[in-house]
Amino acid sequence: MRNCVGFVVLAFVVLNPVTLQAANRCPSDFSVEHRLDAEQKASLNLNARERAAIEDLKYATMPPIRDRYDKKEIDRDEYNRLTDLRDHALSCIDADNNLKDQQAYYTEQLKLIDAGCSKGPVDKMYVGWLKEGEARKAKACAKADLEYLSGMIRQLKEIQADKLAKEEKSTPAVKAADASQRQSQFCEKIRSVSSEAATLFAAITKEKKEQWFIEPGTLGSKGVKISDLAAIDEYVTPVTLSQDFLSTSAVCAIEMGTDKDITLRIVPTYECDWKYDKTTRRELEQRTDKLMNLVRGCFGTTAEAGDFNRHEFVGDGKVAVSGDLYFGEGKPSRIYLKIRKHTPTEDAACIHYGFQKKAEDKQLCMTRFR
């Protein structure tokens, strides 16, 4: 499943009911929402890169202290003092990094309100995350020695600069239908799944999965289910996809929105994920492009439908197909594919209902879920 918090943010900002005055200021083509979502993703990605550098910093700063102790250059008391300085500095740096994530979500909400694409105030969930992050940073940094912390930050910047110099740059998506497997089992499954979209995948939807965002028992909590956080339930499906060049097995499921607000509820969607413990950006992009172009080749006709995802098109005028990737900078990464019923008229009715609350818009909007 894609990052649920990010999905909740996007769903909220795209379809949140606002006043008619705000609607007049907010373009109906979602250009503002997509731009701000892209800005948020860029900010989160930059922060993830810093987080990777922080992990390198942790591994780089302990061996020198340990070596000095092993060589008897320092005694046990000095060893403990230096490790305490290091630990407090790292806790402060970690807390600052965590706060930047919370600030990214909160800032997007402020900008949406300012653009008239959402009504204020900022949801209490984002306010709570921000306050929690600020309190954690204040507490952690209060224990840090400023001189030692400054040295650690300089070292962190050097690690980031080195990683940036070696970083692979993203390449443009290659979008060209590959019909070489049109008669294969893979394409038969793609077409079969696509035909089920009209009935919201009822025939290939089995038991519900129990997915946890926070596992029960974590820090003494009862746990938090993903379905409670994101208003999305996930169901087992017997239909899975495979391609040898992807070098890993797919995890496929049917996603169903559960939000009581129909303007926020996602339509049933068939989704497959391919996960990698470690890969390169170039390899991940090449695999994603090859996969999605094979999917394109399974249909008689395709029409490009935007660039919010790396690949996004309509197949045979009936299904909306999208595919993208998440590159973890040498950490766990993934490729994902989504197929759902193509309902542009109904989608527009949902947006209009959110703005104006007309009964005819609600009735048409509800057909997305039947």
- Query: NZ of K100: more than 12 outside heavy atoms within 6.0 angstrom?
  - Reply: yes
Distance under 6.0 Å and angle within 45° of ring axis: R76 vs Y69: yes
Rounding to 0.5 Å, atoms CG (L325) and OG (S333) come to a distance of 8.5 Å
Do T61 and M152 touch side chain to side chain, with heavy atoms closer than 4.5 Å? yes
Review point. Is the count of non-hydrogen atoms from other residues, nucleotides or ligands lying under 6.0 Å from E73 atom CD greater than 12?
Key: yes
For Y105 and Q40 the tightest heavy-atom approach is CD2-NE2, 2.9 Å
Closest heavy-atom pair, L85 versus D145, reported as atoms and distance to 0.1 Å, is CD2-CB, 3.5 Å
Q: Run the numbers on R154 and E158 for salt bridge (charged side-chain N to carboxylate O under 4.0 Å, His left out), then give the verdict.
A: CA-CA 6 Å; R154 284 194 299 272; E158 291 171 359; over 6 Å; no
Legend entry - Donor-acceptor under 3.5 Å (Y270 side chain, I204 main chain): no
(Q) Do W274 and L241 have side chains that approach each other closer than 4.5 Å (heavy atoms only, starting at C-beta)? (A) yes
Exercise for review: Assess whether salt bridge (charged side-chain N to carboxylate O under 4.0 Å, His left out) is satisfied between E134 and K131, documenting all intermediate values.
Suggested key: CA-CA 5 Å; E134 290 173 339; K131 289 183 177 179; over 6 Å; no
* Just by distance, do the side chain of N309 and the backbone of G323 share a donor-acceptor pair under 3.5 Å? -> no
Hits for side-chain contact (heavy atoms from CB on, under 4.5 Å) against Q160, two or more places apart or cross-chain, chain-then-number order -> E50, A53, L156, K157
With a 3.5 Å distance limit and no angle check, can you tell me whether D316 reaches the backbone of T301 through a side-chain donor-acceptor pair?
yes
query = Just wondering, do V321 and H311 contact through their side chains at under 4.5 Å, heavy atoms?
reply = no
Flag the pair M292 / I335 as yes when at least one side-chain heavy-atom distance between them is below 4.5 Å, and no otherwise. no
Any chance CD of E360 has more than 12 other-residue heavy atoms, nucleotides or ligands included, within less than 6.0 Å? yes
Here the pair of heavy atoms bringing I113 nearest to P121 is CD1-C, 4.0 Å
Within 6.0 angstrom of R35 CZ, more than 12 heavy atoms from elsewhere: yes
query: Less than 4.5 Å apart, any side-chain heavy atom of E188 and any of R191?
result: yes
Do S194 and I339 have side chains that get closer than 4.5 Å, going by heavy atoms?
-> yes
- prompt: Is there a path from L164 to I54 through hydrophobic residues (I, L, V, M, F, W, Y) whose side chains come within less than 4.5 Å of each other?
  reply: no
**Asked** Between K175 and F313, is NZ or CZ placed under 6.0 angstrom from the six-membered ring centre and within 45° of the ring axis?
**Response** no
Tell me whether D289 contacts the main-chain N or O of A173 through its side chain, where contact means a donor paired with an acceptor under 3.5 Å. no
| said: Would the distance check show the side chain of T258 and the main-chain N or O of M256 forming a donor-acceptor pair, the cut-off being under 3.5 Å? | reply: no
Any side-chain heavy-atom pair of D37 and F308 under 4.5 Å:
yes
- Side-chain touch Q243/K290, heavy atoms, less than 4.5 angstrom: no
Take atom CG of D307 as the centre, draw a 6.0 Å sphere, and report whether it contains more than 12 heavy atoms from other residues, nucleotides or ligands.
no
